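Note that this is a predicted model, so its numbers are computed, not measured. Hydrogens, waters and symmetry mates play no part in the numbers below; they use all other heavy atoms, side chains included.
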Amino acid sequence: MSTPSPLSEPLRIGATVVPNRIMQTAHSKQYSNRFETPRETAYYVRRARGGCGLFVAGNHFVHLSGSITGFQDAFRPESVATNRAMTDAVRDAGARIFVQLNHHGAQAQPDGPEGPRTVYAPSRILSPSTAHATREMDHDDIRSITEGWATSAALAQEGGFDGVEIHMAHGYLLHQFLSPLYNAREDGYGGDLDGRTRFAREVIAAVRKRVGSEFTVGIRIAANEFHPGGLDGAAMREVIARLRRDAQIDFLDLAAGGYHNVHYVFPSSSMPFAWLRDDVAAVTAANPGVPVFGVGAALSVEQAEEVVRDGIADMVALTRAQISDPDLGLKLVGSSGDGIRHCIRLNQGCLGRGSRGLSMSCTVNPLAGRELERPERPRTSAPQRWAVVGGGPAGMRAAIELSSDGHRVTLFEKDAALGGQLRLARRVPGRESVGLLVDDLVRDLDVAGVDVRLGQEASADALAGVGGVVVATGAVAPRTTSLALGGAYAGGFPTGTTIDAFTAASSPEALGGRVAVVDADGTAYAAGIVLTLLEHVDELELITPFETVFPHIGAGYDRPLLFERLGAHGGFRRRASHVVVGVDAGKVGVRDTLTGVEEWIAGVDAVVAVEPRASVVVDLDAPRVVVIGDAYAPRTIDAAIFEAVELAYDVAGMATLRG
């Protein structure tokens, strides 16, 4: 008889008993606006049924000066009814749910949902998030927002939450008071440890007074700021000890960094697994008897139970992992780990959409947040024959979905291996996690029983008798420009003297020591090509017609880490607002589009042209032909998998997809 997983053990957290040790921390979804909605409820319920033991709902904002469109206002009495509907549903599904109460402080926008507003911070600073100057809070401001926290906690208690989490991490308002990076005050709310923790201690005391000692109250706090002049792990443990000296704190939910180094707040694939493990373990050791929630502590999803077994933390936070696989809890508690759909940590469907004001989705699970509109599909009673042409992410996922629904599916891939462009993407430094997606799709093709034919074209004979064909032939790096307007070349594309991006990234060692990259794309695809080449060259001159390099990579989250990686290579140079006027043997001519000044860059071994990818077009004859993914229009992995899943719903008669 197998030993039960330590993840299956219940845990008492203050007045709350959670059924197991798997949780989702608060994360931005933008499924609700000011009040909770059925969409948000359905998202949590699906994951509760999938084995998650504890959720922290958030951000819920405690004061009008911190409200954000797409998020919930905790301070409004009207929130009680909508909160109650959600908390009842989550408990009925077998889980427990806390709510995170927050104020963004310096990270808030000066334009709020109801108009212009003051942006508050402990001191007058330039916000690292918005670059706006803040107002230094006076004592009346502090009292008003403290009252907002207390009122919000009482309303959360009335709304059925099992506990509240006071947010003092991620560079938000309470964290700003704790940190010397933000707090330059000279009154009783600044200076030494007592001063910098005073606001947080007053908030905890006000919340406790309002909700009582028999209600669960904990904090989310940075375990390490990872910044010169900030608070390291030892200093943060002193902060926690000072907070606990005056108040009953029922749990410690750990985080790291802030908007001054946002890649610690929202770690991407470039960050190692278990990136916060040592700091989490140190906090746990320093706070016996107080449950610690371990973020960034697991060496892999499959090894999550080790976090609890070895005493690193009491709960394992697997937030994005449960966005991608809502049944992760059941798979882990069952100790099998079989069939996990892995998060590949690119932050595209979740955080990337959120940074553009869009609701959260998921690169590998486009049903996340769409639980109400995309219910589970029934297995077909009228199987059809389908052929899928192309073994990249769109083709593999389409074949998996159709075969899982009961259709007979044959997948044709002309190359000797599956994966398409993912095979190249997994070679990009920092994006090795893409390999998890390839492995998952290959595994799922086998489980679904798809007839996979490698090294074989989809001939007319092979397609005879099929009812439908999915064209998922992907995209290529063009050997000339496909741009009708703009571009990186003033005098036309120099086809004979440049190397296309796919060829360059496939054999970077053949380029020579000094290369020029001409980027007319500006997306994460272009950045991936540059990162790959930098591993193999001594010098790289990036030339782009855009006003800044890689402008289509969002300003937050992964962009700072990308520039950190670029800057760490001593041979990286950049020329924004430049176009190419000529390419000759060993040199490339450029023109500054702002000043008109031209010059030649000599000593160049190779010129790599990064152009927007072009679709691979094929003409096939079948009763129904559906083109998806990059074959329709080159975009992201998200689009490829989204359209594959939508196709399956369309075939099942449960959605409408263009044909």
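With no hydrogens or angles considered, no side-chain donor-acceptor pair links Glu40 and Thr37 at under 3.5 Å. With no hydrogens or angles considered, a side-chain donor-acceptor pair links Ser67 and Asp73 at under 3.5 Å. In this model, a donor atom of one side chain and an acceptor atom of the other lie less than 3.5 Å apart for Arg320 and Asn347. If you check the side chains of Tyr43 and Gln24, you find a donor sitting under 3.5 Å from an acceptor. For Gln421 and Asp630, the side-chain atoms include at least one donor-acceptor pair closer than 3.5 Å. With hydrogens and angles left out, the side-chain atoms of Thr636 and Gln348 include no donor and acceptor closer than 3.5 Å. For the 3.5 Å distance criterion, the side chains of Arg353 and Gln30 fail to qualify, holding no donor opposite an acceptor. In this structure, a donor-acceptor pair under 3.5 Å is absent between the side chains of Asp250 and Thr216.
For the atom pair CZ (Phe642) and CD1 (Ile637), the distance works out to 16.0 Å, reported to the nearest 0.5 Å. Taken from CZ in Arg426 to CD in Glu432, the straight-line distance is 10.0 Å, to the nearest 0.5 Å.
Applying the side chain to side chain contact (heavy atoms under 4.5 Å, CB included) criterion to Arg46, with sequence neighbours excluded, gives Pro326, Asp327, Glu371. Partners of Phe35 according to the ring pair (Phe, Tyr, Trp, His ring centres under 6.0 Å) rule, which considers only residues two or more places apart in sequence or in another chain, do not exist here. With sequence neighbours excluded, the residues satisfying side chain to side chain contact (heavy atoms under 4.5 Å, CB included) with Ser404 are Ile400, Ala448. Considering only residues two or more places apart in sequence or on other chains, Pro38 meets the side chain to side chain contact (heavy atoms under 4.5 Å, CB included) condition with Leu372. Every ring pair (Phe, Tyr, Trp, His ring centres under 6.0 Å) that Phe55 has, sequence neighbours left out, goes to Tyr44. The ring pair (Phe, Tyr, Trp, His ring centres under 6.0 Å) search around Phe293 returns Phe251, not counting sequence neighbours.
Under a 4.0 Å N-O distance rule, the pair Arg341/Asp325 does not qualify as a salt bridge. Electrostatic pairing of Asp650 and Arg624 counts as a salt bridge here, judged by a charged N lying under 4.0 Å from a carboxylate O.
The environment of CZ in Arg84 is crowded: more than 12 heavy-atom neighbours from other residues, nucleotides or ligands sit within 6.0 Å.
For the salt bridge (charged side-chain N to carboxylate O under 4.0 Å, His left out) criterion with Glu646, the lone passing option out of Arg377, Arg397, Arg370 is Arg370.
A 4.5 Å side-chain heavy-atom check between Ile312 and Arg277 finds at least one atom pair inside the cut-off.
Ring centroids of Phe550 and Phe563 are separated by 6.0 Å or more, keeping the two rings apart. Between His60 and Phe98, the gap from one ring centroid to the other reaches at least 6.0 Å. Here His170 and Tyr264 keep their ring centres 6.0 angstrom or further from each other.
Counting only distance, with no hydrogens or angles, the side chain of Arg34 and the backbone of Ala74 share no donor-acceptor pair below 3.5 Å.
Taking every heavy atom of both residues into account, Arg635 and Gly629 meet most closely at NH2-O, 3.0 Å.
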